[in-house]
Amino acid sequence: MAYPCLDIHLDIVKNNVKTVHSLCREHGIQITGVTKVFSADPHLVQAYIDGGLERIGDARIENLKRVEHLSLEKWLIRVPALTQVKEVIRYADVSMNSEIETLFALNEEAKRQHKKHKVILMVDCGDLREGYVKEEELLHVANLMKDLSSLILYGVGTNLSCLSFVLPSEEKMQSLFHLSQSLPLKNPTVSGGNSATIALMMEGGIPKGINNLRLGESLLFGKERKGYTYLKGTRKDAFILQAEIVELKEKPSLPWGEIGVDSYGIKPESPCDNGIGLRAILAIGKQDCDIETMTPLDPDITILGASSDYLIVRLSGNKEAYHVGSIIPFALGYFSLMRAQMSSFVEKHYIS
Ligand SMILES: *Cc1c(COP(=O)(O)O)cnc(C)c1O
């Protein structure tokens, strides 16, 4: 077996998807399963399908291309780039948009490929990321779209809690719904956000008519992103990263010598003095994971830090339990999973 490796528990993901899916269904909401965290790995996309999903969304068109063979409605959830219009029409059925120039280009390309392409217009509800701030401007674009015969207006969407971490609220959902009622179409898709909107949904704060959420984190880890709580009936340990100890020594907890700045130009805070302790160095680093979003399964292990290629931990339990060559498992969260999945140094194991 080669290390580091990432164990991917497809059964856990499938069950999380089923649980969140039925929770959303109770509130009249369909899910677009977001796949960007795992680069639309087809095994995991299949787990989404097995969990009952019919739509996926990814921010990268290259990821949607990987699942070209799967019959699903595919959404590009990042505003398309003009230079990628051809691929967008080819690999995505739906895209989220906020620029009229891009819509013109998508229309021309869709015509060329003899396709109809669906468009969701994005509303900026305050997070200051993508979307129209002014309603009139969005409605004007929606009306102009009547002349773009290869595009189909599909609905509106918003994204919150991603840049400014503005929380979704009943008022914001209400105004998104009202806006959708002014669109020149009958049954609009109204996409009310990401895993940060689940808490509001569970409080009953999402008005009828909001009928879609784009979910990634909640499906993979069972986590809603308002209070960062875990949803009942889900599990957070679908992704386990295992790394190998290459050095194990008793060392002082305080460094010695004059302290300079780190790679970001910041002077590091000095660690607490815990005296001499057992430290292990693992053959994995920032290229493969993110120490802020990973948790050792053994509670006697504490992550101390990482550089590009090393991860350093303190071992405080039974000193005989670990030796050079031992394998240490960690449960991964969002950004760690993203890096581990992207890293060619991490071997992937699928467990179903
Ligand atoms: C990443 C992303 C999502 C999914 O976010 P989660 O918090 O993982 O549910 C939804 N919508 C857009 C536009 C995104 O970029």
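All residue numbers refer to positions in the sequence shown, counting from 1. As the structure lists them, so they are numbered: ligands from 1, and atoms in each ligand from 1.
Nearest non-hydrogen protein atom to atom 9 (O) of ligand 1 is Ser195 OG, 2.5 Å. In terms of protein heavy-atom proximity, atom 7 (O) of ligand 1 is closest to Arg225 NE, 2.8 Å. Of the protein's non-hydrogen atoms, Asn159 OD1, 3.4 Å is the one closest to atom 12 (C) of ligand 1. The single protein non-hydrogen atom nearest to atom 5 (O) of ligand 1 is Asn194 CB, 3.3 Å, given as residue, atom name and distance.
Residues Lys172 and Val166 are in side-chain contact: their nearest non-hydrogen atoms beyond the backbone lie under 4.5 Å apart. By the 4.5 Å heavy-atom criterion applied to side chains, Val88 and His117 are counted as neighbours.
When each of Tyr48, Phe221, Phe239, Tyr350 is tested with Phe38 by the rule ring-ring contact (aromatic ring centres under 6.0 Å, His included), just one qualifies, namely Tyr48. Put simply, the residue from Thr229, Asn194, Thr234, Thr197 that forms a side-chain hydrogen bond (donor to acceptor under 3.5 Å, both in side chains) with Glu224 is Thr229.
Annotation for ligand 1: atoms under 4.0 Å from non-hydrogen atoms of Tyr334 are 8 (O). Numbered from 1 in the order shown, with element, the atoms of ligand 1 that lie under 4.0 Å from a heavy atom of Leu215 read 9 (O).
Using cut-offs of 30° and 60° on the angle between ring planes, the pair Trp75 and Tyr154 is perpendicular.
Among Arg129, Glu217, Arg214, the residue whose heavy atom lies closest to atom 11 (N) of ligand 1 is Arg214. One option in Lys36, Met96, Met122, Glu224 has a heavy atom closer to atom 3 (C) of ligand 1 than any other, and that option is Lys36.
The two atoms that bring Ala2 and Glu347 nearest to each other are CB-OE1, 3.3 Å, heavy atoms only.
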